[in-house]
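Note sheet for the following structure.
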Amino acid sequence: MQLVPKLVPREPPGRTGRKVSAYRDEILRLHAEGYTFRAIRDALLDEGIDVHVTTVQREAARGAASRRRPASATMAPAARAVRPAESAMAWSPGQRTGKEIAA
């Protein structure tokens, strides 16, 4: 039995044509500091990466989505559910019941 060497790809999984994926953290950092996507695109162009502004926006959205956690994971189950007694439609002592109104 011959041992086959383990293959180690040079690039991350997914489409290899995405030029700006290596710069995702820098795009997010610059945008968080207040730079426009056009300014970030110009900085990438200075580095020899020629992409459209929408490509920079899309990469920023992908990076933000990967950092975001679902809201349901951060909230306790009791906080998500609205209990009937706490709702705006709850009965209060000053209101009459349906039987009282009918009488």
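Everything quoted here is computed from the prediction, not taken from an experiment. Each residue takes its place number in the sequence, starting with 1.
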Test side-chain hydrogen bond (donor to acceptor under 3.5 Å, both in side chains) applied to D25 - qualifying residues, sequence neighbours left out: R67

side-chain hydrogen bond (donor to acceptor under 3.5 Å, both in side chains) partners for E26, two or more places apart: R29

Residues in side-chain contact (heavy atoms from CB on, under 4.5 Å) contact with R58, at least two apart in sequence or another chain: T55, R62

Minimum heavy-atom distance L28-A64, with the two atoms named: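 Minimum heavy-atom separation between L28 and A64: CD2-N, 4.0 Å.
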
V56 versus V51, closest heavy-atom pair with distance: CG2-CG2, 4.0 Å

Interatomic distance, Y23 atom OH to L44 atom CG [nearest 0.5 angstrom]: 7.0 Å

Connected via hydrophobic side-chain network under 4.5 Å: I40 and V53: yes

Qualifying salt bridge (charged side-chain N to carboxylate O under 4.0 Å, His left out) pairs with a residue from residues 42-56, counting only residues at least two apart or across chains: R41-D50

Pairs involving residues 26-63, ordered by first then second residue, that meet ring pair (Phe, Tyr, Trp, His ring centres under 6.0 Å) (sequence neighbours left out): H31-F37

